[in-house]
Enquirer: 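Before we start, here is the structure in question, set down as structure tokens.
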Amino acid sequence: MAKKILLLDGNSLAYRAFFALPLLTNENGIHTNAVYGFTMMLQRILEEEKPTHMIVAFDAGKTTFRHKTFSEYKGGRQKTPPELSEQFPYLKKLIDAYRIKRYELENYEADDIIGTLSLEAEREGDEVVVISGDKDLTQLASPSTTVYITRKGITDIEKYTVEHIKEKYGLTPDQIIDMKGLMGDASDNIPGVPGVGEKTALKLLAAHGSVEGVYAAIGQQKGKMKEKLVANEDLAYISKQLATIERNAPIEIKIEELSYDGPDQDELVKVWNELAFKSLLEKMEYTAEETVKEELTFEVVTSIDPSILKDEMAVHLELYDEHYHSCDLLGVSLATETETYVIPMDVVEHSEAFRAWFKDPSKKKFMADSKAATAAFLRCGIELKGVDFDLMLGAYIVNPSLTYTDMASIVQEYGYTDVSTNEQIYGKGAKKKVPEDVILHEHIARKARTIWKVRPLVMEKLEENEQFDLYDKLELPLATVLGQMESLGVMVDRNQLSEMGKELSHKLEKIETDIYSLAGQEFNINSPKQLGVVLFENLGLPPLKKTKTGYSTAADVLEKLEGQHEIISHILLYRQLGKLLSTYIEGLLKEIHKDGKVHTRFQQALTTTGRLSSTNPNLQNIPVRLEEGRKIRKAFVPSEPGWVMVAADYSQIELRVLADMSEDERLVQAFKDDRDIHTTTASDVFHVPAEEVTGDMRRAAKAVNFGIVYGISDYGLSQNLNITRKEAAAFIDRYFASFPGVKTYMTTIVADAKRDGFVTTLMNRRRYLPDITSSNFNLRSFAERTAMNTPIQGSAADIIKKAMIDMDAALEREDMQTRMLLQVHDELIFEAPPDELDKLMKLVPEVMENAVKLSVPLKVDIAHGDTWYDTK
DNA sequence: GTCCTCACG
DNA sequence: ACGTACGTGAGGACG
């Protein structure tokens with residue numbers, strides 16, 4: 001197996017941590033900040049990098065071979081503060097507890113040990129990560145070696161790959177030493193050429209490649225610069241030599257000896273206790289407790305006696321994986337305060353008593369994922385009613401930013417660790433299987449027990465945050481509605497898709513040949529890397545934008561190049577059609593079940609804003625904007641002969657929400673007058689009457705309105721409208737001058753988020769924004785935009801969710817056959833028998849428009865047709 | 001598994 | 001100076 005080797009610069013990291021953190025002391029008066037910072041960084045690195053081999057290298061003694069070259073090396077440096085010196089023994093103890101090798105070598109610095117080991121690793125073809133606080137180490141970067149340099153603090157890391165160095169300095173890693181040779185390094189007292197700083201050094205290297213190159217072409221310099229260089233030639237060479245890391249140090253340790261197999265937990269606890277690392281110890285306890293679970297006795301039921309089915313019970317349906325429309329059902333567990341039962345699936349299916357109890361709404365069921373249970377049970381004709389608690393939804397409402405993959409991860413948030421993760425029970429990948437009954441039954445039993453135990457904690461949190469109504473009146477009933485929608489599924493015309501697929505394949509083949517001949521070569525058009533080489537190197541087109549790994553070939557970049565080469569439009573078309581074929585024809589065909597339908601799963605506890613998402617297949621991103629793609633919608637048809645599809649969407653729901661929340665008079669009035677909002681915005685911003693608003697003005701206003709909803713920034717708007725940042729900023733100013741209420745709202749919401757640490761929606765959904773007070777500009781700015789966007793997007797999500805519950809109730813009340821099939825953020829899709837159509841076309845807008853009462857009216861557009869495509 | 005690209009609201 | 005518009009999911013390439 002390939003190795004992943006981490007080489008840490010112990011001294012440098014300890015220094016960084018020491019100066020980055022305030023002086024902490026344990027109860028013995030020993031300072032611990034450097035060790036603490038080092039530990040935090042180590043924990044993170046171990047988690048993120050999962051190394052197979054590790055070493056921490058230290059400097060040895062006071063002098064090294066470098067002092068022989070230059071006696072003032074590292075001179076003038078302040079003595080290591082005693083508060084730091086005293087921490088080194090603890091640091092070494094800590095590293096030993098992690099069972100990580102450490103190494104030092106007389107006469108050499110940590111750099112040289114790392115340089116030597118990384119060279120050895122490269123020769124063996126292993127992946128290497130070097131971690132240090134010293135930028136000198138970046139000279140070690142190579143295709144297989146990345147150098148992580150801490151910046152500000154110790155857990156914030158900048159990753160220097162060969163590409164990153166090229167981008168940042170325009171240098172290759174081995175030119176770093178030439179840079180130091182010319183500019184020197186104050187911290188190590190490397191002199192360099194006096195008067196040459198980073199700028200000059202980079203300029204010289206760009207022209208001449210190396211220190212040697214500079215002096216070989218010294219004739220090209222003139223004036224003061226030439227004098228300086230000539231006078232200090234020796235210093236330049238010495239400096240370069242000093243900065244050069246020795247990569248053949250006489251070390252006596254081999255990479256094989258560095259294998260890392262995890263810490264000695266007992267030792268680690270000891271060291272942490274000694275240092276009084278309380279928060280780390282607490283975190284550790286969670287993981288430790290998992291092995292010591294509370295004893296549980298339960299009964300495996302072979303025939304259901306109705307007397308075990310109580311008025312209130314925790315109920316859990318165990319599913320083999322998350323694809324509950326198709327996966328195996330593995331059994332059911334029930335729990336009350338005193339009893340726990342496990343019921344095998346065949347017993348459940350054949351029990352009339354269970355069926356009757358399960359669909360009795362007066363029998364309260366406490367569950368973990370009631371939507372999955374609703375849909376999965378419907379597969380065997382078992383109806384579920386009376387869901388009174390849903391652990392996943394409750395936890396999601398308390399904090400939507402966490403990920404809810406399985407029950408163990410949810411309840412850990414509430415300090416409960418008696419349930420194993422599904423991965424622990426079933427394994428993963430090729431090794432995944434159902435374990436023997438003893439293990440399976442205990443796992444299932446624990447889940448019902450867990451629900452019972454954790455329910456009060458979740459309920460308490462919901463009450464405390466005043467989110468009980470959001471949970472009980474919105475998400476919980478919605479889960480049942482969604483479960484039914486998913487189970488119903490949407491009929492897809494397989495032949496229609498196949499025919500479109502054939503056509504597309506032919507077109508794509510033709511375009512492919514055209515592209516190859518225009519490029520003068522064959523290559524993989526789907527590979528951005530290969531495409532980048534063809535466009536920007538072989539054809540010589542200008543690369544307008546870069547990604548982390550190379551040239552960007554995204555559509556917006558290519559569009560700017562369209563006039564410059566005939567190949568561009570072919571590539572854009574190839575991309576567009578290729579997407580249709582792979583994702584929407586082939587992808588969708590794979591998802592059609594035996595009943596001829598697709599059964600998406602709506603994720604109800606995933607997004608941070610409160611929206612739903614849709615998977616396997618995603619039915620919330622079926623093409624609509626371009627006609628070629630829109631034709632995909634012809635394949636979505638009613639599941640009953642003669643029925644029709646109906647689509648109803650909210651008009652401008654997010655801007656209406658903004659109008660309501662900001663109470664901006666002009667915005668509110670615009671919606672009250674039912675005016676075209678983008679035209680109105682253009683008219684206000686450009687100070688012209690509505691009749692004189694041009695297409696371009698309206699387009700710009702529309703982009704500004706989008707920007708407002710996203711949490712406006714001049715940069716974002718300038719990108720979108722392809723204008724300069726200044727122009728974008730001017731637009732925004734004019735917008736705010738026209739809609740002062742919106743400006744006040746944006747300022748207020750950010751201030752509130754800073755004060756409270758979270759923002760809320762119309763129905764009191766919460767999103768925490770810890771980064772809003774960050775000193776990091778990017779993190780803070782992102783949090784600020786999120787603070788502006790989440791209440792808008794989230795409130796719109798609240799509204800349509802309420803409308804779905806009301807719509808479900810209305811169809812039931814009116815005893816209609818019409819079925820709600822899909823939700824796409826601001827629209828609902830139905831299939832309906834023709835005789836209900838007239839009624840439906842009135843009922844749906846009425847229900848949706850009255851889902852909530854805002855200070856502006858809600859407006860719904862509705863259409864019907866033979867297929868989804870025709871609902872326009 | 002991660003990155004890039006692109007489909008939707 | 002920093003370097004992004006908000007929220008998603010899926011497919012292909014590549015290591």
Side-chain angles (χ1 to χ4, degrees), chain A residues 2 4 48 50 125 127 143-144 151-152 400 429 523-532 545-558 571-572 575-588 590-591 600-603 606-626 628-630 632-633 649-650 652-654 703-704 706-721 725 728 732 767 775-794 796-797 800 822-827:
Chain A
K4 177 155 186 180
E48 285 177 8
K50 304 204 180 354
E127 184 186 354
S144 60
R151 55 179 170 198
K152 259 203 223 171
F523 64 102
N524 188 342
I525 308 168
N526 284 320
S527 162
K529 201 173 158 187
Q530 294 183 34
L531 180 61
K545 206 168 102 185
K546 282 187 289 183
T547 67
K548 276 179 216 156
T549 50
Y551 309 113
S552 170
T553 66
D556 62 321
V557 176
L558 296 189
I571 288 165
L572 286 167
R575 283 252 182 91
Q576 189 200 332
L577 302 184
K579 176 86 177 176
L580 291 180
L581 184 62
S582 67
T583 306
Y584 295 105
I585 306 277
E586 290 164 352
L588 208 50
K590 279 185 224 151
E591 295 287 349
T600 188
R601 279 174 300 122
F602 289 108
Q603 306 297 331
L606 186 144
T607 72
T608 45
T609 54
R611 274 192 178 179
L612 301 176
S613 82
S614 159
T615 56
N616 301 108
N618 180 354
L619 296 182
Q620 292 182 319
N621 72 344
I622 302 300
V624 67
R625 289 170 192 169
L626 300 173
E628 294 94 318
R630 191 174 204 151
I632 299 283
R633 296 183 172 218
D649 69 292
Y650 281 112
Q652 304 295 350
I653 189 165
E654 292 189 336
V704 174
F706 269 101
I708 292 292
V709 169
Y710 292 157
I712 195 96
S713 76
D714 49 10
Y715 186 86
L717 184 65
S718 72
Q719 289 296 299
N720 193 290
L721 278 178
R725 227 171 85 172
I732 294 167
R767 178 170 179 184
S775 57
N776 178 315
F777 175 86
N778 282 327
L779 290 178
R780 190 178 63 249
S781 303
F782 187 30
E784 287 170 356
R785 292 196 297 275
T786 311
M788 297 186 247
N789 171 263
T790 295
I792 300 173
Q793 191 183 117
I800 195 163
L822 295 174
Q823 185 249 49
V824 191
H825 309 308
D826 66 355
E827 64 176 323

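Heavy-atom basis, side chains included; hydrogens, waters and symmetry copies ignored. Numbered from 1 within each chain, the chains take letters A, B, ... in sequence-line order. Just so we're clear, the structure is a prediction, and the values are computed from it rather than from any experiment.
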Enquirer: Using a 4.0 Å heavy-atom cut-off across all strands, classify A:Gln719 as base, sugar-phosphate, or nothing.
Expert: nothing
Enquirer: So if I take every side-chain heavy atom of A:Ile712 and compare against C:dG3, C:dA5, C:dG9, which nucleotide ends up nearest?
Expert: C:dA5
Enquirer: Is there a side-chain contact between A:Ser552 and the phosphate of B:dC4, meaning an N or O under 4.0 Å from OP1 or OP2?
Expert: no
Enquirer: From C-beta outward on A:Asn778, which listed nucleotide comes closest to its side chain: C:dA10, B:dC4, C:dC2?
Expert: C:dC2
Enquirer: Is the distance from OP1 or OP2 of B:dT5 to the nearest side-chain N or O of A:Thr553 less than 4.0 Å?
Expert: yes
Enquirer: Looking at the base of B:dT5, is there any donor atom on it, or on the side chain of A:Arg575, that sits under 3.5 Å from an acceptor on the other one?
Expert: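 Result: no qualifying N/O pair found.
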Enquirer: So what does A:Ser713 touch, heavy atoms closer than 4.0 Å: a base, only the sugar-phosphate, or nothing?
Expert: base
Enquirer: In whole Å, measure the gap between the P atoms of C:dG3 and B:dC4 for me.
Expert: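 Here C:dG3 and B:dC4 have their P atoms 15 Å from each other.
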Enquirer: Can you see if the side chain of A:Arg785 gets near the phosphate of C:dC6 - specifically, an N or O under 4.0 Å from OP1 or OP2?
Expert: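 For A:Arg785, the contact criterion (side-chain N or O under 4.0 Å from OP1 or OP2 of C:dC6) is met.
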Enquirer: Can you check the A:Leu619 CG to C:dT8 C1' distance for me, whole Å?
Expert: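 Distance, rounded to whole Å: 14 Å.
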Enquirer: Within the 4.0 Å heavy-atom criterion, would you say A:Val709 contacts the bases, only the backbone, or no part of the nucleic acid?
Expert: nothing
Enquirer: I need the CG-P distance between A:Asn524 and C:dG15, as an integer number of Å.
Expert: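 One finds 12 Å between P of C:dG15 and CG of A:Asn524, rounded.
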Enquirer: Identify the residue among A:Met788, A:Glu654, A:His825 that makes a side-chain contact (heavy atoms from CB on, under 4.5 Å) with A:Gln793.
Expert: A:Glu654
Enquirer: Check whether any side-chain N or O of A:Thr549 sits under 4.0 Å from OP1 or OP2 of B:dC3, and answer yes or no.
Expert: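 It does not, given that no N or O in the side chain of A:Thr549 lies less than 4.0 Å from OP1 or OP2 of B:dC3.
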Enquirer: Counting distance only, does the side-chain N/O of A:Thr607 pair as donor-acceptor with the main-chain N or O of A:Gly610 below 3.5 Å?
Expert: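 Yes.
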Enquirer: B:dC8, C:dG9, B:dC6: which one has an atom nearest the side-chain heavy atoms of A:Ala554?
Expert: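 Among B:dC8, C:dG9, B:dC6, the one nearest the side chain of A:Ala554 is B:dC6.
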Enquirer: Determine yes or no for a side-chain-to-main-chain donor-acceptor pair under 3.5 angstrom, with A:Gln620 supplying the side chain and A:Gln823 the backbone.
Expert: yes
Enquirer: From the set B:dC8, C:dA10, C:dG12, return the single nucleotide nearest to any side-chain atom of A:Ser582.
Expert: C:dG12
Enquirer: Is the ring centre of A:Phe782 under 5.5 Å from the base ring centre of C:dT4, and are the two planes under 30° apart, so that they stack?
Expert: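 Stacking between A:Phe782 and C:dT4: absent.
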Enquirer: List the steps and the verdict of side chain to side chain contact (heavy atoms under 4.5 Å, CB included) for A:Asn621 and A:Val824.
Expert: CA-CA 8 Å; A:Asn621 72 344; A:Val824 191; over 6 Å; no
Enquirer: Between the base of B:dG9 and the side chain of A:Arg625, is there a donor and acceptor pair under 3.5 angstrom?
Expert: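 Yes, the side chain and the base share a sub-3.5 Å donor-acceptor pair.
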Enquirer: Select base, sugar-phosphate, or nothing to describe what A:Ala555 touches, counting heavy atoms under 4.0 Å on all strands.
Expert: sugar-phosphate
Enquirer: Are any of A:Gln530's side-chain N or O atoms less than 4.0 Å away from OP1 or OP2 of C:dC14?
Expert: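 It does, given that an N or O in the side chain of A:Gln530 lies less than 4.0 Å from OP1 or OP2 of C:dC14.
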Enquirer: So, OP1 or OP2 of C:dT8: does either fall under 4.0 Å of a side-chain N or O from A:Thr608?
Expert: yes
Enquirer: Atom CG of A:Asp649 and atom P of B:dG9: how far apart are they, to the nearest Å?
Expert: 9 Å
Enquirer: Among the nucleotides C:dG3, C:dG7, B:dC4, which one has an atom lying closest to any side-chain atom of A:Arg767?
Expert: C:dG7
Enquirer: Heavy atoms only, 4.0 Å cut-off, all strands: where does A:Ala728 land among base, sugar-phosphate and nothing?
Expert: nothing
Enquirer: In whole angstrom, what separates A:Phe523's CZ from C:dG12's P?
Expert: 18 Å
Enquirer: In whole angstrom, what separates A:Asn618's CG from B:dG9's P?
Expert: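 So the two atoms are 11 Å apart, to the nearest Å.
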Enquirer: Provide, to the nearest angstrom, the distance between the NZ atom belonging to A:Lys545 and the P atom belonging to B:dC4.
Expert: 11 Å
Enquirer: Under 3.5 Å, side chain of A:Thr600 to main-chain N/O of A:Pro617, donor-acceptor pair present?
Expert: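 Yes: the side chain of A:Thr600 pairs with the backbone of A:Pro617.
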Enquirer: Could you tell me whether the side chain of A:Gln620 has a donor or acceptor atom within less than 3.5 Å of a complementary atom in the base of B:dC8?
Expert: no
Enquirer: Distance check needed: B:dC4 P versus A:Asp556 CG, whole Å only.
Expert: 14 Å
Enquirer: Among the nucleotides C:dG3, C:dC6, C:dC2, which one has an atom lying closest to any side-chain atom of A:Arg725?
Expert: C:dG3
Enquirer: Kindly state whether the pair A:Tyr710 / C:dC6 counts as stacked, where counting means centroids closer than 5.5 Å and planes tilted less than 30° apart.
Expert: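 Aromatic stack with C:dC6 present for A:Tyr710.
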Enquirer: To the nearest Å, give me how far apart CG (A:Leu580) and P (C:dG12) are.
Expert: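 Rounded to whole Å, this separation is 13 Å.
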Enquirer: Which one, C:dA5, C:dT8, C:dC6, comes nearest to the side chain of A:Thr786?
Expert: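 That would be C:dC6.
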Enquirer: Look only at the side chain of A:Arg601 and the backbone of A:Asn616, and say whether a donor-acceptor pair between them is shorter than 3.5 Å.
Expert: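 Pair absent, no side-chain N/O of A:Arg601 close to backbone of A:Asn616.
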Enquirer: Count the heavy atoms belonging to other residues, nucleotides or ligands that lie under 6.0 Å from CZ of A:Phe523, then report whether that count exceeds 12.
Expert: yes
Enquirer: Please determine, for B:dG9, whether a Watson-Crick or G-U wobble partner exists with both distances under 3.5 Å, and give it or none.
Expert: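 Its partner is C:dC6.
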Enquirer: Between A:Lys548 and B:dT2, is there a contact of a side-chain N or O with OP1 or OP2 at under 4.0 Å?
Expert: no
Enquirer: Find which nucleotide of DNA chain C each of A:Asn621 and A:Lys529 is nearest to by heavy atoms, and output the residue with the more 5' nucleotide.
Expert: A:Asn621
Enquirer: From C:dA10, C:dG9, C:dT8, pick the nucleotide closest to the side chain of A:Asn616?
Expert: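 So the side chain of A:Asn616 is nearest to C:dA10.
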Enquirer: As a test of reading the structure: which of B:dG9, C:dG7, C:dG12 is closest to the side chain of A:Asp826, going by heavy atoms?
Expert: B:dG9
Enquirer: In Watson-Crick or G-U wobble terms, both distances under 3.5 Å, what is the partner of C:dC14?
Expert: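 Matched C:dC14 with B:dG1 under the 3.5 Å cut-off.
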Enquirer: So what does A:Gly587 hit on the nucleic acid, given a heavy-atom distance under 4.0 Å: a base, only sugar-phosphate, or nothing?
Expert: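 A:Gly587: backbone/sugar contact only, no base atoms under 4.0 Å.
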Enquirer: Sticking with atom P, work out how far B:dC3 lies from C:dA5, rounded to a whole angstrom.
Expert: 15 Å
Enquirer: Is there side-chain contact between A:Tyr551 and A:Leu531, with at least one heavy-atom pair below 4.5 Å?
Expert: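 Not in contact.
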Enquirer: Categorize A:Ile622 for me: base, sugar-phosphate, or nothing, with a 4.0 angstrom heavy-atom threshold over every strand shown.
Expert: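 Sugar-phosphate contact only - A:Ile622 comes under 4.0 Å of backbone atoms but never of a base.
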Enquirer: With rounding to the nearest 0.5 Å, note down the distance linking CD1 in A:Ile571 to CG in A:Asn526.
Expert: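 Answer for the CD1-CG pair, A:Ile571 versus A:Asn526, is 11.0 Å.
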Enquirer: Is any side-chain nitrogen or oxygen of A:Ser527 closer than 4.0 Å to OP1 or OP2 of C:dC14?
Expert: yes
